[in-house]
Protein chains: 2
Amino acid sequence: MSQTVPDWSVLMASCPSRTSLARIANKWTAMAVSVLGNGRARFGDLKTQLDGISGKVLTETLRDLERDGLITRHVYAEVPPRVEYELTELGLTLHEPLLALCRWAEKHIAEVLINREAYDAR
Amino acid sequence: MSQTVPDWSVLMASCPSRTSLARIANKWTAMAVSVLGNGRARFGDLKTQLDGISGKVLTETLRDLERDGLITRHVYAEVPPRVEYELTELGLTLHEPLLALCRWAEKHIAEVLINREAYDAR
DNA sequence: TCCACTAGTTACGTTGAGGTAATTGGTTAC
DNA sequence: GTAACCAATTACCTCAACGTAACTAGTGGA
């Protein structure tokens with residue numbers, strides 16, 4: 001008998017998995033990983049597709065994802081510079097769950113808007 | 001010919017679905033909805049289970065979820081006061097995706113920690 | 001010669017998220 | 001009758017997140 005599954009739990013404040021949840025349960029992360037699911041993309045492309053994101057926040061988001069091993073950074077020695085980002089294997093396993101979140105928001109927003117109106121009218 | 005699916009997209013900054021994504025793609029939301037998937041719970045229970053959350057943030061999180069129609073609030077006219085929170089039908093459809101996110105964080109945290117160490121050592 | 005192009009980085013100011021602690025209301029205990 | 005108690009909310013303050021804008025590098029083109 002051996003317990004091979006470590007008892008991580010995001011519910012415990014001191015559990016490292018909490019830091020990972022905080023990173024992935026994030027608006028920009030969900031959008032970035034969703035887009036990168038279609039294949040590698042340049043920094044500029046991501047900035048265009050993630051409408052409204054600032055360069056600073058995109059840089060930080062991508063660096064954090066790279067640090068956690070969810071994406072890889074491909075730098076080309078060209079002028080002007082070209083950098084492409086790509087989901088790793090680990091990142092790929094996160095693509096479907098995060099895409100599901102984006103799809104949920106789009107699918108149910110009409111109902112949510114009605115609920116908000118009703119709530120605010122009370 | 002009719003286009004029944006509205007073309008919402010979280011990628012557009014002005015799309016309302018973006019506000020919904022911002023709400024659900026959130027650490028505390030993911031944890032709260034995951035816990036509430038086990039059945040209705042009192043405020044105090046949630047505060048205990050969502051280890052580390054402050055009363056203020058829990059209140060705000062729950063109020064926002066109620067506003068969007070993801071949970072309902074049951075108030076009992078007792079002393080001391082008792083309030084229970086419960087997922088709505090809409091909230092239930094979000095339980096699995098958000099639980100998946102929590103599970104992902106717990107399942108892959110070991111690998112993530114290794115990646116972080118490697119990155120920081122560069 | 002000087003500007004554009006790309007992927008950043010940095011400085012600075014503002015906004016918002018979050019924690020701590022006091023407060024409310026009504027009932028029980030002394 | 002007044003002090004204690006509990007669930008829940010609010011007031012206040014702090015700090016981190018975010019946006020804007022300026023700046024970097026090196027080459028190619030007008």
Side-chain angles (χ1 to χ4, degrees), chain A residues 10-14 18-32 35-36 40-68 71-86 119-120 122, chain B residues 10-14 18-32 35-36 40-68 71-86 119-120 122:
Chain A
V10 293
L11 292 180
M12 297 174 55
S14 60
R18 172 76 69 89
T19 67
S20 185
L21 178 65
R23 171 119 310 132
I24 64 179
N26 168 277
K27 181 179 60 174
W28 295 125
T29 297
M31 292 170 61
V35 167
L36 287 174
R40 53 163 67 186
R42 302 181 60 168
F43 182 89
D45 294 336
L46 288 171
K47 189 164 182 329
T48 302
Q49 291 197 62
L50 274 58
D51 186 29
I53 197 171
S54 71
K56 184 194 171 206
V57 171
L58 180 55
T59 297
E60 289 168 354
T61 301
L62 292 172
R63 218 200 330 264
D64 287 343
L65 290 177
E66 189 195 1
R67 188 169 100 101
D68 281 8
I71 63 177
T72 48
R73 193 164 172 270
H74 303 279
V75 183
Y76 295 85
E78 297 177 2
V79 170
R82 184 159 63 103
V83 179
E84 291 184 351
Y85 295 91
E86 187 182 21
Y119 184 93
D120 293 342
R122 297 185 331 183
Chain B
V10 293
L11 292 179
M12 298 176 53
S14 61
R18 173 77 69 90
T19 66
S20 185
L21 177 65
R23 173 119 309 133
I24 64 179
N26 169 276
K27 180 180 59 174
W28 296 123
T29 297
M31 292 170 61
V35 167
L36 287 174
R40 52 164 68 187
R42 302 181 62 167
F43 182 91
D45 294 335
L46 287 170
K47 190 162 180 335
T48 302
Q49 292 197 63
L50 273 56
D51 185 29
I53 197 170
S54 70
K56 184 202 169 201
V57 170
L58 181 55
T59 296
E60 289 169 355
T61 301
L62 292 173
R63 222 205 320 272
D64 287 344
L65 291 177
E66 188 195 1
R67 189 168 99 101
D68 282 8
I71 63 176
T72 49
R73 193 164 174 271
H74 303 279
V75 184
Y76 296 85
E78 297 177 1
V79 168
R82 182 159 66 102
V83 178
E84 290 185 352
Y85 296 90
E86 187 182 21
Y119 184 93
D120 293 342
R122 298 187 329 184

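Reckoned from all heavy atoms, side chains included, excluding hydrogens, waters and symmetry mates.
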Phosphate OP1/OP2 of D:dT9 contacted by B:T59 side-chain N/O (<4.0 Å): yes
Given DNA chain D, 5'-ward residue of the pair A:I53 and A:P80, judged by closest heavy atom: A:I53
Sugar-phosphate only, base, or nothing, as touched by A:Y85 at under 4.0 Å among non-hydrogen atoms: sugar-phosphate
Length of the line joining A:D45:CG and C:dT6:P, which is rounded to integer Å: 10 Å
Short side-chain N/O contact from A:R63 to OP1 or OP2 of C:dT9, under 4.0 Å: yes
Nearest-angstrom distance from the residue atom CD of A:E78 to C1' of C:dA4: 17 Å
Sugar-phosphate, base or nothing in reach of B:K56, heavy atoms under 4.0 Å: base
Donor-acceptor side-chain pairing of A:R40 and A:Y85 below 3.5 angstrom: no
pair A:T59-A:F43: side-chain heavy atoms closer than 4.5 Å: yes
Distance, rounded to the nearest Å, where B:W28 contributes CH2 and C:dA17 contributes C1': 12 Å
Atom pair distance, as rounded to whole Å: CD in B:Q49 and P in D:dA7: 15 Å
Length of the CZ-P vector between A:R73 and C:dA7, whole Å: 10 Å
Sugar-phosphate, base or nothing in reach of B:V83, heavy atoms under 4.0 Å: sugar-phosphate
Closest approach of A:V10 to A:R18 (non-hydrogen atoms, all atoms of both residues): O-NE, 2.6 Å
Atom-pair distance (NZ on A:K47; C1' on D:dC18), nearest Å: 13 Å
A:R63 CZ to A:D68 CG distance, which is reported to the nearest 0.5 Å: 13.0 Å
Phosphate contact (C:dT6 OP1 or OP2) by A:R42 side-chain N/O below 4.0 Å: no
Integer-rounded Å distance: D:dA8 P and B:L50 CG: 14 Å
Heavy-atom side-chain proximity of B:L46 to B:L62 below 4.5 angstrom: yes
Of A:E60 and B:S54, the one whose closest DNA chain C nucleotide lies more 5': A:E60
Most 5' of A:V57 and B:R82 on DNA chain D, judged by nearest nucleotide: B:R82
Spacing of A:L58 atom CG relative to C:dT6 atom C1', expressed in whole Å: 13 Å
Position toward the 5' end of DNA chain C (nearest nucleotide), A:F43 or B:G52: A:F43
